[in-house]
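Given the structure is predicted, the values throughout are model-derived calculations rather than measurements. Counting convention: from 1, in listed order, for ligands and their atoms alike.
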Amino acid sequence: MPADPRTILLMNYYRDAELRGANLLFRLMSHLEDPDSQLKLSLHLADETRHAALWTKRINDAGGAPARIADGYQNRIGLRVVPRNLIDILALTVVVEERAYQRYVEHAARPNVAPEILEVLSEVTKDEKWHISWIKAKLEELAAAAAGGVERMNEALARYREIDRQVYAELLAKERAAFEEPAQQQAAV
Ligand SMILES: [Fe+2]
Ligand SMILES: [Fe+2]
């Protein structure tokens, strides 16, 4: 039996966030050229594209189809944020990764999550922890080396966390509204 179309849509939002996250990392590769960052970015980028592939496979196996998402998390963030320098880009990456981690942990804790979805959630959550820690460490290292860098870092993190809170509240409201309506009316979503 095909999965609930709302669940398929939710997985498409996760897939979109992973793909756009990968795109941000790909752009970072031309800014952080030291060998250690290149090594970590390569592994990190491979993780995010694998996460996108895992969600795509789960969508397909559940009888759904991968869909283009125009109003997902990163798109909404992108409308409000223009990172101006490397400290900004890294701070944004930290905030986005923290949200991905928090979103997956929160989903896995809900009652009655299908075992196949739980499997993907636990697989992707494992990687998000090291993503946050290395990007945060790199951000702190660069901030400490630049004049006024620590203040700029703290200011960027605070600004992006506030934007992230607004964007996530919008997405959650949308998701709740969809799940409160009877499933048959949602067939077109
Ligand atoms: Fe990911
Ligand atoms: Fe990640």
Side-chain angles (χ1 to χ4, degrees), residues 7-32 34 36-62 64 66-78 80-81 83 86-110 113-143 153 156-157 160-161 163-165 167-168 171-172 175:
T7 304
I8 300 284
L9 182 64
L10 183 58
M11 291 195 284
N12 264 310
Y13 272 87
Y14 291 159
R15 173 180 184 268
D16 173 75
E18 297 287 359
L19 286 172
R20 292 183 197 269
N23 187 43
L24 185 62
L25 289 166
F26 188 70
R27 279 160 49 202
L28 258 179
M29 289 197 92
S30 56
H31 292 284
L32 291 173
D34 64 283
D36 182 59
S37 295
Q38 288 289 309
L39 178 67
K40 288 181 174 126
L41 278 169
S42 304
L43 296 171
H44 191 161
L45 183 57
D47 278 353
E48 304 301 12
T49 51
R50 191 172 61 88
H51 296 173
L54 285 171
W55 285 123
T56 310
K57 185 172 185 318
R58 181 88 297 276
I59 290 164
N60 186 67
D61 290 353
R68 187 178 162 81
I69 300 292
D71 63 346
Y73 174 82
Q74 267 94 341
N75 256 23
R76 288 169 186 261
I77 292 272
R80 293 166 167 90
V81 168
L86 194 47
I87 286 184
D88 279 359
I89 299 175
L90 288 170
L92 182 60
T93 310
V94 168
V95 171
V96 165
E97 290 280 352
E98 285 174 345
R99 176 57 69 195
Y101 176 77
Q102 187 268 337
R103 242 176 141 183
Y104 290 150
V105 168
E106 186 269 326
H107 188 161
R110 290 180 201 169
V113 180
E116 303 82 11
I117 291 181
L118 265 184
E119 204 180 298
V120 179
L121 284 169
S122 98
E123 188 63 32
V124 295
T125 305
K126 270 191 270 174
D127 299 323
E128 303 300 356
K129 278 186 225 157
W130 86 267
H131 297 169
I132 298 167
S133 76
W134 96 264
I135 294 279
K136 208 182 239 173
K138 193 71 199 171
L139 170 62
E140 284 165 358
E141 177 197 315
L142 291 178
M153 170 184 78
L157 283 171
Y160 296 152
R161 286 198 170 115
I163 292 168
D164 160 79
R165 262 193 294 276
V167 163
Y168 187 57
L171 281 177
L172 217 52
E175 194 187 313

If you look at [X], which of its N/O/S atoms is nearest to the Fe ion (ligand 2)?
X	answer
Glu128	OE1
His131	ND1
Glu97	OE1
Glu48	OE2

Open item on the list: To make sure I understand the geometry: which N, O or S atom in His51 is closest to the Fe ion (ligand 1)?
Closed with: ND1
TODO: State the atom name: nearest N, O or S atom of Glu18 to the Fe ion (ligand 1).
DONE: OE1
Open item on the list: Within the 4.5 Å heavy-atom criterion, are Arg103 and His107 side-chain neighbours or not?
Closed with: no
Task: Any side-chain heavy-atom pair of His44 and Ile135 under 4.5 Å - done: yes
Task: Check: Tyr13/Asp71 side-chain N/O donor and acceptor closer than 3.5 Å - done: yes
Open item on the list: Taking backbone and side chain together, does Asp47 place any N/O/S atom at a distance below 2.8 Å from the Fe ion (ligand 2)?
Closed with: no
Open item on the list: Quick check with a 6.0 Å cut-off and a 45 degree axis cone: is Arg99 positioned over the face of Tyr73's six-membered ring?
Closed with: no
- [ ] Describe, in one word, how the ring planes of Trp55 and Tyr104 are oriented to each other, choosing from parallel (under 30°), tilted (30 to 60°) and perpendicular (over 60°).
- [x] tilted
Task: salt_bridge(Arg58, Glu119) N-O dist < 4.0 Å - done: no
